[in-house]
Amino acid sequence: MQPIPVAIAVLTMIGPAAACAVEFYQGYAYADGYEPWLYRESHWLYTRDGVQQRLVIYSCPDGAAFVRKHVDTGPGEAIPDIDLIDGRAGYREGVQSLNGRREVFTQAAAGAPVRRALLPAPAPPNAVIDAGFDAFVRQHWDALNCAGISPVAFLVPSELHYLNFSARVLRGEHGADGELRWFRLSLANWYGFALPHIDVAYDRTSQQLRVYSGVSNIRDGRGNNLNVTIRFPATERRDNVNLAEIDRAAATLLNG
């Protein structure tokens, strides 16, 4: 059975009058957790017209960007709209809201057919889409640290629908960045043991993501999803980001 990518793109510029930057942080992805790092994730969190947004730029070690993702939490913090585009071959995936309906889509490469499917309305209980898992963890922190939550309806764009996962606490750990809590997201079905799981570590005090370990939605040159460990150092976070910085990031050419 093939691994199912479940990891956790801006198409227009962000106008200075429409957005207010609040936070920036970066993560570094490693193969099997070892040096050197493969790519960097740069996240800008801000609000636009009162709605929380996230811009993510994925770049190579030489600094050249190759993937851009935009997250719009208008439909809900845990079930945002997503638009991801990989500039190398034109791969796209995401979720969009149109005329009161929501659809998931994926495109294998530029010029390839776009596969689409309508999402159920309302969303299933405990639904999660992409980076919305961050909000889900914060919203259910106490439950995750006790009995866990199952099922968690996690959207898998390549499958064009939600799959049922379970989320539970693994362990506590004292890391270089402070006290961490590790959680595991795995398929809730009986065959879930045969498929890759995702482990994430959050700071116990700030509830900020520190480590992600599992299948990524970033692909290698053969189109296979990478299995990575992404570390988000506390030293790579800063607030009060200049709005012009977000404008420049949104306009970054995907030539990596």
Side-chain angles (χ1 to χ4, degrees), residues 1-12 29 38-39 41 43 53-59 65-76 78-124 126-136 151-165 185-187 189 192 195-198 212 214-228 230 250 252 254-256:
M1 186 173 293
Q2 293 297 315
I4 297 177
V6 298
I8 32 177
V10 165
L11 303 180
T12 58
L38 302 177
Y39 63 85
E41 296 185 9
H43 295 245
Q53 311 279 328
R54 180 190 299 258
L55 168 65
V56 189
I57 299 294
Y58 300 77
S59 55
F66 64 97
V67 170
R68 182 171 56 232
K69 178 168 69 175
H70 180 232
V71 180
D72 183 327
T73 68
I79 53 169
D81 280 351
I82 304 290
D83 197 340
L84 178 147
I85 181 167
D86 188 326
R88 294 170 298 175
Y91 174 82
R92 290 186 64 201
E93 68 177 35
V95 175
Q96 58 185 355
S97 299
L98 296 169
N99 301 320
R101 303 191 305 174
R102 303 190 74 199
E103 69 172 24
V104 56
F105 66 89
T106 183
Q107 184 178 22
V114 179
R115 299 168 55 229
R116 306 177 185 273
L118 289 177
L119 293 178
N126 297 323
V128 174
I129 296 176
D130 198 83
F133 188 65
D134 241 8
F136 180 84
V152 175
F154 202 105
L155 182 69
V156 181
S158 62
E159 300 294 314
L160 297 181
H161 61 79
Y162 290 98
L163 292 179
N164 283 335
F165 286 75
L185 185 70
S186 55
L187 276 171
N189 299 309
L195 294 172
H197 53 256
I198 289 174
Y212 170 100
V215 180
S216 168
N217 53 8
I218 299 302
R219 302 176 176 223
D220 63 18
R222 296 184 296 274
N224 299 317
N225 293 83
L226 294 171
N227 198 308
V228 297
I230 309 173
T252 301
L254 302 181
N255 55 8

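As a basis for the values below, the full set of heavy atoms in this structure was taken, side chains included, without hydrogen atoms, waters or symmetry mates. Counting begins at 1 with the first residue of the sequence.
Contact annotation: the side chain of Arg101 approaches that of Leu118 to within less than 4.5 Å [non-hydrogen atoms, C-beta and beyond]. A heavy-atom distance below 4.5 Å is not found between the side chains of Ile198 and Val215. Put simply, the side chain of Ile79 reaches to within 4.5 Å of the side chain of Arg102, judged on heavy atoms. The shortest side-chain heavy-atom distance between Leu84 and Val67 falls under the 4.5 Å cut-off. Side chains of Phe154 and Val128 form a contact here, defined as non-hydrogen atoms less than 4.5 Å apart. Side-chain contact between Phe105 and Arg115 is absent, with no heavy-atom pair separated by less than 4.5 Å. Side-chain contact between Asn164 and Val152 is absent, with no heavy-atom pair separated by less than 4.5 Å. Using a 4.5 Å heavy-atom threshold, the side chains of Glu41 and Ile230 count as touching.
With values rounded to the nearest 0.5 angstrom, Leu226 atom CG is found 7.5 Å from Ile218 atom CD1. Here CZ of Phe133 is found 14.5 Å from CG of Leu155. Values are rounded to the nearest 0.5 Å. Remark: Gln53 CD to Leu55 CG distance equals 10.0 Å, nearest 0.5 Å. How far CZ of Phe66 is from CG of Leu254: 9.5 Å, rounded to the nearest 0.5 Å. Asp81 CG to Thr73 OG1: the interatomic distance, rounded to the nearest 0.5 Å, is 9.5 Å. Residue Leu98 holds its CG atom at 8.0 Å from CZ of Arg116, rounded to the nearest 0.5 Å.
Of all the heavy atoms in Gly132 and Pro80, the pair that sits closest is CA-CD, 4.0 Å. Contact detail for Ala78 and Ala135: the closest heavy-atom pair is N-CB, 4.2 Å. Taking every heavy atom of both residues into account, His197 and Ser186 meet most closely at CB-CB, 3.9 Å. Counting all heavy atoms, side chain and backbone alike, Val71 lies closest to Ala131 at CG2-CB, 4.4 Å. For Tyr162 against Pro124, the heavy-atom pair with the smallest separation is CE1-CD, 3.6 Å. Closest non-hydrogen pair, Pro157 versus Thr106, comes out as O-CG2, 4.0 Å.
At least one donor-acceptor pair under 3.5 Å links the side chain of Arg68 to the backbone N or O of Thr252. In this structure a side-chain-to-backbone donor-acceptor pair under 3.5 Å is present from Asp220 to Asn224.
A salt bridge links Lys69 with Asp130: at least one charged nitrogen is closer than 4.0 Å to a carboxylate oxygen. Between Arg54 and Asp72 no salt bridge is recorded (no basic side-chain N to carboxylate O distance below 4.0 Å).
The aromatic rings of Tyr39 and Tyr58 are tilted relative to each other, their planes meeting at an angle between 30° and 60°.
In this model, a donor atom of one side chain and an acceptor atom of the other lie less than 3.5 Å apart for Glu103 and Gln96. Defined by atom type and a distance below 3.5 Å, a donor-acceptor pair is missing between the side-chain atoms of Asn225 and Ser216.
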